Amino acid sequence: QVHLVESGGGLVQAGGSLRLSCAASGRTFSMSAMGWFRPAPGKEREFVAAFSWSYGNTYSADSVKGRFTISRDNAKNTVYLQMNSLQPEDTAVYYCAADILGRTSGYYYNPSLYDYWGQGTQVTVSS
């Protein structure tokens, strides 16, 4: 079992920044990747960014490249999502997810391949 707790959401004006955190506990030694997702029209969960725990690589959606950066603190088993230049269309509940079976390799954008999810943190961007 892996327990994920997100934090850092809030209300910010367009152009502002927020940093989300996702702290993992439990069987963290078996994690191979962690990702961030948000709901989108026509999709249950839209891929935002992912960090490969195994290889140290990062991946992000085209819609957030150059604005959002994913990083990790290995000692704290925490993944961060630094969000800059936020826009009203970024308003959503952001969910953290963890892959412990290694199924996301090459498919980090696929939410169905993640095994555990956090409860989500609300990000609201006002215009």
Side-chain angles (χ1 to χ4, degrees):
Q1 292 278 351
V2 174
H3 186 53
L4 304 174
V5 178
E6 300 103 328
S7 61
L11 173 64
V12 65
Q13 288 187 331
S17 300
L18 284 173
R19 189 177 81 155
L20 306 184
S21 300
C22 176
S25 60
R27 291 185 56 188
T28 56
F29 61 88
S30 60
M31 287 196 304
S32 62
M34 291 181 73
W36 287 97
F37 291 81
R38 65 188 183 187
K43 300 179 182 178
E44 182 178 348
R45 302 261 168 108
E46 173 188 57
F47 172 70
V48 176
F51 194 106
S52 169
W53 220 262
S54 303
Y55 303 106
N57 296 332
T58 62
Y59 308 87
S60 58
D62 289 341
S63 59
V64 305
K65 278 181 181 175
R67 301 190 299 125
F68 293 9
T69 302
I70 188 170
S71 62
R72 73 172 174 182
D73 184 327
N74 206 23
K76 296 182 179 180
N77 290 316
T78 298
V79 165
Y80 303 98
L81 185 67
Q82 177 67 44
M83 305 187 296
N84 299 327
S85 301
L86 282 162
Q87 299 302 315
E89 54 265 34
D90 295 316
T91 294
V93 177
Y94 284 72
Y95 296 92
C96 174
D99 167 22
I100 66 167
L101 298 177
R103 298 183 298 166
T104 58
S105 182
Y107 301 96
Y108 298 103
Y109 53 85
N110 189 338
S112 67
L113 299 179
Y114 289 81
D115 306 297
Y116 294 96
W117 292 83
Q119 81 289 350
T121 185
Q122 176 70 46
V123 171
T124 303
V125 184
S126 63
S127 57

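Hydrogens, waters and symmetry mates are skipped; everything else that's a heavy atom, side chains included, is used. Model, not experiment: these values are computed from the prediction.
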Heavy atoms, side chains only, cut-off 4.5 Å: are I100 and V2 in contact?
-> yes

Sequence neighbours excluded, which residues qualify as ring-ring contact (aromatic ring centres under 6.0 Å, His included) partners of F51?
-> none

With sequence neighbours left out, what residues match A61 under side-chain contact (heavy atoms from CB on, under 4.5 Å)?
-> F47, S63, V64

Quick one: side chain to side chain donor-acceptor pair (under 3.5 Å) pairs with a partner in residues 7-25, sequence neighbours left out?
-> S17-N84

Which residues pass the side-chain contact (heavy atoms from CB on, under 4.5 Å) test with D62, sequence neighbours left out?
-> K65

Quick one: do L18 and L86 satisfy side chain to side chain contact (heavy atoms under 4.5 Å, CB included)? Show the steps, please.
-> CA-CA 8 Å; L18 284 173; L86 282 162; 4.1 Å; yes

Are side-chain heavy atoms of V123 and T91 found at a separation under 4.5 Å?
-> no

Test ring-ring contact (aromatic ring centres under 6.0 Å, His included) applied to Y59 - qualifying residues, sequence neighbours left out | Y108

Whether S52 side chain and Y55 backbone form a donor-acceptor pair below 3.5 Å = yes

Which residue pairs satisfy the disulfide (SG to SG under 2.5 Å) criterion with at least one member in residues 53-84, sequence neighbours excluded?
-> none

What pairs of residues pass the salt bridge (Lys or Arg N to Asp or Glu O under 4.0 Å) test when at least one of them lies in residues 106-127, not counting sequence neighbours?
-> R103-D115

side-chain hydrogen bond (donor to acceptor under 3.5 Å, both in side chains) with S127: which residues, sequence neighbours excluded?
-> none

Common cluster, V79/Y107, ILVMFWY with side-chain heavy-atom separation under 4.5 Å | no

Any idea which heavy atoms bring Y116 and L4 closest together, and the distance?
-> O-CD1, 3.5 Å

Cluster overlap M83 with L11, hydrophobic side-chain contacts below 4.5 Å = no

Residues in side-chain contact (heavy atoms from CB on, under 4.5 Å) contact with E89, at least two apart in sequence or another chain = Q87

May I have the list of side-chain donor-acceptor pairs in residues 27-40 shorter than 3.5 Å, sequence neighbours left out?
{"unit_1": "T28", "atom_1": "OG1", "unit_2": "N77", "atom_2": "ND2", "d": "3.3"}
{"unit_1": "S30", "atom_1": "OG", "unit_2": "R27", "atom_2": "O", "d": "2.8"}
{"unit_1": "S32", "atom_1": "OG", "unit_2": "D99", "atom_2": "O", "d": "3.2"}
{"unit_1": "S32", "atom_1": "OG", "unit_2": "D99", "atom_2": "OD2", "d": "2.9"}
{"unit_1": "S32", "atom_1": "OG", "unit_2": "G102", "atom_2": "N", "d": "3.4"}
{"unit_1": "R38", "atom_1": "NE", "unit_2": "E46", "atom_2": "OE1", "d": "2.8"}
{"unit_1": "R38", "atom_1": "NH1", "unit_2": "D90", "atom_2": "OD1", "d": "3.1"}
{"unit_1": "R38", "atom_1": "NH1", "unit_2": "Y94", "atom_2": "OH", "d": "2.7"}

With sequence neighbours excluded, residues passing side-chain hydrogen bond (donor to acceptor under 3.5 Å, both in side chains) with T124 = Q122

Is the side chain of Q82 donor-acceptor paired with the backbone N or O of F68 at a distance under 3.5 Å, no angle test?
-> no

Consider only side-chain heavy atoms of I, L, V, M, F, W and Y, link residues closer than 4.5 Å, and tell whether W117 and L113 are in one cluster.
-> yes

Quick one: does L20's side chain get under 4.5 Å of Y80's, heavy atoms only?
-> no

For the side chain of E6 and the backbone of T121, is there at least one donor-acceptor N/O pair under 3.5 Å apart?
-> no

Return each pair, listed once, that meets disulfide (SG to SG under 2.5 Å) where at least one residue sits in residues 44-80; pairs must be two or more places apart or across chains.
-> none

Do side-chain atoms of S85 reach the backbone of G15 as a donor and acceptor pair under 3.5 angstrom?
-> no

